[in-house]
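All remarks here apply to the structure that follows.
Keep in mind that what you see is a predicted model, and the values were worked out from it rather than measured.
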Amino acid sequence: MSGRAVVLGLGRFGGGLGAANHLVRLGFDVTVTDAAPADELTDAAHRLAPEARRVFGGHEGIGVADTDLLVVNPAVPTPWQHPLVRDADRAGVRITTEIGLLLDELAEPGTAAHGSAAVVGITGTAGKSTTAAMLHAGLTAAGRRCVLGGNIGGSLLDRVEELAAAEVVVLELSSAMLWWLGRPLSCRTPPAFDIGAITNLAPNHIDWHGAFDHYAESKGVLARLAKRALIVGDDTAWKTDAPVVRPAPLAGDLALPGHHNRVNAALAVEACRTLAVEADAGVRAFSGLPHRLKLVHTSRRGTRYIDDSKCTTPQATRLAVESVLGEGAVHLIAGGYDKHVDLAELADAARACNAAWLIGETAKRLARARAGTDIETLDAAVRRAAESVPGGGTVLLSPGCASWDQFADYRERGERFCKLAVEHDP
């Protein structure tokens with residue numbers, strides 16, 4: 001397979017990198033274009049195959065009508081309005097994404113990744129990363145060859161030989177990824193998942209989708225593509241032909257705190273059982289992902305600092321707060337980039353804490369709702385929390401908002417929080 005391909009959106013963190021390099025390896029003549037200027041794409045561009053043509057800082061001179069393939073980075077918002085996507089649609093060019101290329105590799109005989117692996121897709125507004133990682137941990141502990149990828153980070157297109165030997169491939173899927181998978185020709189053969197798991201549904205990413213209904217419909221693509229089972233963590237009704245399972249929250253000892261993680265664990269255990277694998281112990285022992293309710297520092301005064309920077313929805317902040325209430329005073333640090341969602345649930349969670357320090361674009365909205373003190377920056381918030389939280393209390397970074405107003409991503413925000421905690425409260 002070869003031809004001409006355009007990759008729309010390299011991304012500051014290499015969102016299109018895996019797709020571009022994969023297509024170069026397949027023999028395509030690849031052009032990568034991004035609206036960001038070259039100096040903002042240095043790290044990703046450095047890892048881009050030298051054969052790929054680069055057009056950064058806009059899309060001048062890019063034509064797609066005579067290409068064979070347009071690959072769109074899911075980070076591109078409202079892509080149906082993008083001129084290159086519209087041009088490709090009018091010309092009948094196949095449009096796909098990195099996850100579509102991956103499913104092609106998994107499904108088609110003769111491709112490097114093709115094998116007999118069961119494919120599990122996991123999505124949801126909150127908890128999808130943790131559920132996917134729990135499932136991977138449980139299967140691995142049970143001795144199964146399992147590969148984890150998708151929205152959780154990195155491209156599995158760089159690991160196609162490993163995929164051919166896998167027994168299970170677990171993919172965390174964002175709403176944007178699923179919207180693309182719901183379009184005709186996103187995959188060369190109709191995509192399917194042996195198992196689909198949906199943790200929950202609440203408003204999110206309205207900046208990308210334009211409306212909650214569009215977001216919910218995109219999440220529902222996974223329900224339609226699930227074949228053996230659809231495992232659901234709340235009472236949302238989904239259109240699916242697969243048997244629907246709603247497991248009770250997992251009881252007993254669990255390494256991660258919070259009722260919501262008992263729901264996540266129950267989904268992971270049920271997926272293992274559907275695959276005829278008993279993986280209860282491995283799921284229970286899973287201690288969490290970086291920046292997801294992780295205890296990162298305990299000061300000499302006994303104050304705990306918990307990094308939940310990956311929390312980017314109001315619902316997730318509420319769940320995080322509920323998991324630490326009752327263990328001494330709680331000072332919450334929340335706020336960030338405005339995704340145009342209702343912040344009422346975030347404000348309620350903040351008011352349940354002893355104090356809340358509000359940062360970023362949404363700080364003033366939350367302060368007007370009497371949810372805490374507008375303190376603008378994470379540095380100032382950690383300093384104020386360290387000065388005021390009593391020994392034995394908890395400082396919880398659980399923003400409920402994305403990081404892009406002040407940080408490159410949630411990882412940078414979480415790492416900064418960890419550094420500041422040690423500096424201000426050793």
Review point. Step by step, would you call L10 with R54 a side chain to side chain contact (heavy atoms under 4.5 Å, CB included)?
Key: CA-CA 9 Å; L10 177 64; R54 303 141 196 253; over 6 Å; no
**Study point:** Residue list, side-chain hydrogen bond (donor to acceptor under 3.5 Å, both in side chains) with S309, at least two apart or on another chain
**Key:** R413
Exercise for review: Report the relative orientation of the aromatic rings in H291 and Y410; use parallel for angles under 30°, tilted for 30 to 60°, perpendicular for over 60°.
Suggested key: perpendicular
Point to revise | Distance (rounded to the nearest 0.5 Å) between L346 CG and C401 SG | key: 5.5 Å
Check your understanding: Within the side chain of T373, is there an N or O that forms a donor-acceptor pair under 3.5 Å with the backbone of W357?
Key -> no
Practice item. Could you tell me whether a side-chain N or O of R262 sits under 3.5 Å from a main-chain N or O of L250, the two making a donor and an acceptor? Key: yes
Practice item. Report the C-alpha separation of V321 and S398 in whole Å, then their side-chain angles, then the decisive distance to 0.1 Å, and conclude whether the side chain to side chain contact (heavy atoms under 4.5 Å, CB included) test is met. Key: CA-CA 8 Å; V321 167; S398 189; 5.6 Å; no
Practice item. Without swapping roles, check the side chain of E40 against the backbone of A36 for a donor-acceptor pair under 3.5 Å. Key: no
**Study point:** T303 vs Y305 side-chain heavy atoms within contact, under 4.5 Å
**Key:** yes
Practice item. Find out whether D104 and L106 are in side-chain contact, i.e. whether some heavy atom of one side chain is under 4.5 Å from a heavy atom of the other. Key: no
Check your understanding: Take atom CG in D241; do more than 12 heavy atoms of anything else shown fall under 6.0 Å from it?
Key -> no
Review point. Does the pair E322/R318 count as a salt bridge with the N-to-O cut at 4.0 Å?
Key: yes
Review point. Given side chains that start at C-beta, do those of K128 and T131 come closer than 4.5 Å, heavy atoms only?
Key: no
Review point. What pairs meet the salt bridge (charged side-chain N to carboxylate O under 4.0 Å, His left out) rule with one or both residues in residues 349-376, with sequence neighbours excluded?
Key: D338-R365, D348-R351, K364-D374
**Study point:** Check: A19 main-chain N/O paired with E98 side-chain donor or acceptor under 3.5 Å
**Key:** no
Study note, to complete from the structure: So side-chain hydrogen bond (donor to acceptor under 3.5 Å, both in side chains) across residues 191-207, not counting sequence neighbours, yields N204-K339
Study note, to complete from the structure: Between the CG atom in L17 and the CG atom in L157, the distance rounded to the nearest 0.5 Å is 10.5 Å
Practice item. Without swapping roles, check the side chain of T31 against the backbone of R53 for a donor-acceptor pair under 3.5 Å. Key: no
Review point. Does a side-chain heavy-atom distance below 4.5 Å link L397 with V296?
Key: no
**Study point:** salt bridge (charged side-chain N to carboxylate O under 4.0 Å, His left out) partners of residues 71-89, not counting sequence neighbours, each pair once
**Key:** D87-R90, D89-R183
Exercise for review: Measure the CG-CG distance between L378 and L420 for me, rounded to the nearest 0.5 Å.
Suggested key: 5.5 Å
**Study point:** E60, CD atom: more than 12 neighbouring heavy atoms under 6.0 Å
**Key:** no
**Study point:** Inter-residue atom distance L275.CG - R144.CZ, 0.5 Å rounding
**Key:** 9.0 Å
Practice item. I would like to know whether L181 and F193 meet side chain to side chain contact (heavy atoms under 4.5 Å, CB included); could you show each step before the answer? Key: CA-CA 11 Å; L181 290 179; F193 294 87; 4.1 Å; yes
Review point. Donor-acceptor pair, T317 side chain versus G400 backbone, under 3.5 Å?
Key: yes
Exercise for review: Please test H59 against H82 for side chain to side chain contact (heavy atoms under 4.5 Å, CB included), starting from the C-alpha separation and ending with a verdict.
Suggested key: CA-CA 11 Å; H59 311 300; H82 197 285; 3.5 Å; yes
Review point. Does D234 reach the main-chain N or O of L201 with its side chain, forming a donor-acceptor pair under 3.5 Å?
Key: yes
Point to revise | Shortest non-hydrogen contact between I198 and G124, atoms and distance | key: CG2-CA, 4.4 Å
**Study point:** Side chain N354, main chain V330, donor-acceptor under 3.5 Å
**Key:** yes
Check your understanding: Looking at side-chain heavy atoms only, is the closest gap between V147 and R159 below 4.5 Å?
Key -> yes
Point to revise | Ion pair D158/R25, N-O distance below 4.0 Å | key: yes
Practice item. Give a yes or no answer on whether the side chain of T125 reaches the backbone of P203 with a donor-acceptor pair at less than 3.5 Å. Key: no
Check your understanding: Tell me, do V85 and V76 make a side-chain contact under 4.5 Å, heavy atoms counted?
Key -> no
Check your understanding: Do the side chains of L295 and I306 get nearer than 4.5 Å, heavy atoms only?
Key -> yes
Exercise for review: Look at the rings of W179 and W208 and say which category their plane angle falls in: under 30° parallel, 30 to 60° tilted, over 60° perpendicular.
Suggested key: perpendicular
Check your understanding: Once you round to the nearest 0.5 Å, how far does CD1 of I99 lie from CG of N151?
Key -> 8.5 Å
Check your understanding: Between the side chains of T312 and Y337, does any donor sit under 3.5 Å from an acceptor?
Key -> no
**Study point:** Side-chain touch C187/T96, heavy atoms, less than 4.5 angstrom
**Key:** no
Point to revise | L293 CG to L396 CG distance, which is reported to the nearest 0.5 Å | key: 6.5 Å
Point to revise | Where at least one partner belongs to residues 244-260, residue pairs that pass side-chain hydrogen bond (donor to acceptor under 3.5 Å, both in side chains), sequence neighbours excluded | key: none
Check your understanding: Do the side chain of R94 and the main chain of S186 share a donor and acceptor less than 3.5 angstrom apart?
Key -> yes
Check your understanding: Is there any salt bridge (charged side-chain N to carboxylate O under 4.0 Å, His left out) pair reaching into residues 209-219, and which pairs are they, with sequence neighbours excluded?
Key -> none
**Study point:** Among R300, R383, R301, H297, side chain to side chain donor-acceptor pair (under 3.5 Å) partner for D425
**Key:** R301
